[in-house]
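See below for the structure under consideration.
One-based numbering, in listed order, for ligands and for the atoms of each. Just so it is clear, the values below take in all heavy atoms, side chains as well, and ignore hydrogens, waters and symmetry mates.
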Amino acid sequence: IVQWTPFFQTYKKQRYPWIQLAGHQGNFKAGPDQGTILKKLCPQEETCFKLLMKDVLRPFVPEYKGQVTCEDGELYLQLQDLLSNFDCPCVMDCKIGVRTYLEEELAKAKEKTKLRKDMYEKMIQIDPKAPTEEEHRSKGVTKPRYMIWRETISSTATLGFRIDGVKKADGTSSKDFKTTKTREQILEAFKEFTNNFSSSVPKYLERLRNIRATLQESHFFRTHELIGSSLLFVHDKKRASIWMIDFAKTVPVPDNVNIDHKTAWKVGNHEDGYLIGLDNLISIFESLTKE
Ligand code: ATP
Ligand code: MG
Ligand code: MG
């Protein structure tokens, strides 16, 4: 595993280092109130948080405390800091779903038929056998082709989730899970993540089952496509819990469409595979409890 330095930030108001595992560093700041953080405002995400505060899912998302304008004039969402009740927390971000781009983004990419040399290069760096003969000949791939392929190098397309980042108790962090793909590799990574914290495993499993049951009752979940959203796992010696985060690409399902979050995705059906990912997570954590 390649060592990677996460964005550790020791804020004046917070007496603990805050850890950010994904996203741009500039998107987050310490919040004005104790136990809160600020995330750069994205209107779509704010709409989701407002709905979630009235949904049965509320206990499973960070509390939304409204908008804040910073000195720089930028708008931020003030959110509950999920790490604030933990002592030296271990953190893992799992991005849920069988794809991480919106149908709309794929449609836009399809309008551009230009062959991309940069994407071809990225492709052969990871798997020299991935391009077709013709793609090899032209040394280029189209953007939609690249987008669809990229979800197959991690566990996203097959297991319906991927590990996006981990910070363990020994302080080491890694974002190097781009090609962590098989169930065995994931199980190994979860084992390492919970190593020496065996009491966290049953707590995580219980929380995952609670989330699963609540999603089934949620109006928000029934009516939204969740793309690029994560489950944030946090534990220390005493506690372990999981929250749903990152709704920047969570959009209402079109009026004439129904999704069950479980049916295989086909271009245009809007399925996100959220429950495929969650069920695989539950099954892998079940295996861990039997180790
Ligand atoms: P990306 O789209 O690249 O995943 P983003 O900018 O939309 O990133 P998020 O995914 O919401 O940002 O968050 C990035 C990271 O910040 C998470 O992986 C997590 O480590 C941390 N984080 C986000 N929200 C919270 C929160 N409420 N409490 C504690 N940590 C958080
Ligand atoms: Mg994210
Ligand atoms: Mg995001």
TODO: Establish, yes or no, whether a centroid distance under 6.0 Å links the rings of Phe221 and Tyr274.
DONE: yes
TODO: Nearest heavy atom to atom 2 (O) of ligand 1 wins, so pick from Leu38, Asp164, Val91, Asp246.
DONE: Asp246
Open item on the list: Can you confirm, on distance only, whether ligand 1 has an N/O atom lying under 3.5 Å from any N/O atom belonging to Leu82?
Closed with: yes
- [ ] Specify side chain, backbone, both or neither for Asp93, according to which of its non-hydrogen atoms lie closer than 4.0 Å to ligand 1.
- [x] side chain
Open item on the list: Tell me the protein heavy atom at minimum distance from atom 13 (O) of ligand 1, and give that distance in Å.
Closed with: Phe28 CZ, 3.3 Å
Open item on the list: Taking only non-hydrogen atoms of Leu232, do any sit less than 4.0 angstrom from ligand 1?
Closed with: yes
Task: Presence of N, O or S from Asp246 under 2.8 Å of the Mg ion (ligand 3) - done: yes
Task: Protein contact of atom 30 (N) of ligand 1 - nearest heavy atom, named by residue and atom, plus distance - done: Trp18 CZ2, 3.3 Å
Open item on the list: If you take the centroid of each ring, where Trp contributes its six-membered ring, are Phe285 and Phe233 closer together than 6.0 Å?
Closed with: yes
Open item on the list: Counting non-hydrogen protein atoms only, what is the nearest one to atom 20 (O) of ligand 1? Give residue, atom name and distance.
Closed with: Leu21 N, 2.8 Å
Task: Member of Glu151, Glu225, Glu271, Glu105 meeting the salt bridge (charged side-chain N to carboxylate O under 4.0 Å, His left out) criterion with Arg99 - done: Glu225
- [ ] With heavy atoms only and a cut-off of under 4.0 Å, state how Lys95 meets ligand 1: side chain, backbone, both or neither.
- [x] side chain
TODO: Indicate, as side chain, backbone, both or neither, the part of Ala22 found under 4.0 angstrom from ligand 1 when only non-hydrogen atoms are considered.
DONE: both
Open item on the list: Please confirm whether Trp243 approaches ligand 1 to less than 4.0 Å, judged on its heavy atoms.
Closed with: no
- [ ] Pick out which of Leu281, Asn280, Leu159 makes a side chain to side chain contact (heavy atoms under 4.5 Å, CB included) with Ile186.
- [x] Leu159
TODO: Look only at interatomic distance and state if Ala248 has a nitrogen or oxygen under 3.5 Å from any nitrogen or oxygen of ligand 1.
DONE: no
- [ ] Return yes when atom CD of Glu104 has more than 12 non-hydrogen atoms of other residues, nucleotides or ligands closer than 6.0 Å, and no otherwise.
- [x] no
- [ ] Have a look at ligand 1 and work out which part of Ile245, if any, has a heavy atom under 4.0 Å from it: side chain, backbone, both or neither.
- [x] side chain
Open item on the list: Within ligand 1, which atoms have a heavy atom of Pro62 less than 4.0 Å away?
Closed with: 27 (N)
- [ ] Go through ligand 1 atom by atom and flag the ones less than 4.0 Å from a non-hydrogen atom of Asp81.
- [x] 28 (N), 29 (C)
Task: Criterion side-chain hydrogen bond (donor to acceptor under 3.5 Å, both in side chains) on Asp93 and Ser230, from CA distance to verdict - done: CA-CA 6 Å; Asp93 181 310; Ser230 288; 2.7 Å; yes
Open item on the list: Assess the residue pair Val257 and Asn269 against the criterion (side-chain contact (heavy atoms from CB on, under 4.5 Å)); give the C-alpha distance rounded to whole Å, side-chain angles, the decisive distance to 0.1 Å, and a yes or no.
Closed with: CA-CA 8 Å; Val257 178; Asn269 77 357; over 6 Å; no
Open item on the list: By the definition side-chain hydrogen bond (donor to acceptor under 3.5 Å, both in side chains), identify the one residue from Glu46, Gln20, Glu45, Gln78 that meets it with Lys39.
Closed with: Glu45
Task: Residue pair Asp55 / Ser218, side-chain donor-acceptor N/O under 3.5 Å - done: yes
Task: Flag for Asp170-Thr172: side-chain donor and acceptor within less than 3.5 Å - done: yes
Open item on the list: If I apply the N/O under 3.5 Å rule, does Gly23 come out as touching ligand 1?
Closed with: yes
Open item on the list: Quick check against the 3.5 Å criterion: does His136 have a side-chain atom that pairs as donor or acceptor with the backbone of Pro128?
Closed with: yes
TODO: Closest by any non-hydrogen atom to atom 9 (P) of ligand 1: pick that one out of Glu63, His24, Lys39.
DONE: Lys39
- [ ] For Thr263 and Asp260, test the side chains for any donor-to-acceptor distance below 3.5 angstrom and give the result as yes or no.
- [x] yes
Open item on the list: Suppose we measure from atom 26 (C) of ligand 1 to each protein heavy atom; which comes out shortest, and what is that distance?
Closed with: Ile37 CD1, 3.5 Å
Task: Per-residue contact class, Gln80 against ligand 1 - non-hydrogen pairs under 4.0 Å - done: backbone
Open item on the list: Heavy-atom pairs closer than 4.0 Å: do any link ligand 1 to the side chain of Ile19, the backbone, both, or neither?
Closed with: backbone
- [ ] If you have a sec, work out which protein heavy atom is nearest atom 6 (O) of ligand 1 and how many Å separate them, to one decimal?
- [x] Asn27 ND2, 3.1 Å
Task: Polar contact flag for Gln20 and ligand 1 (N/O pairs, less than 3.5 Å) - done: no
Task: Aromatic Phe197 / basic Lys237 pairing, under 6.0 angstrom, 45° off normal - done: yes
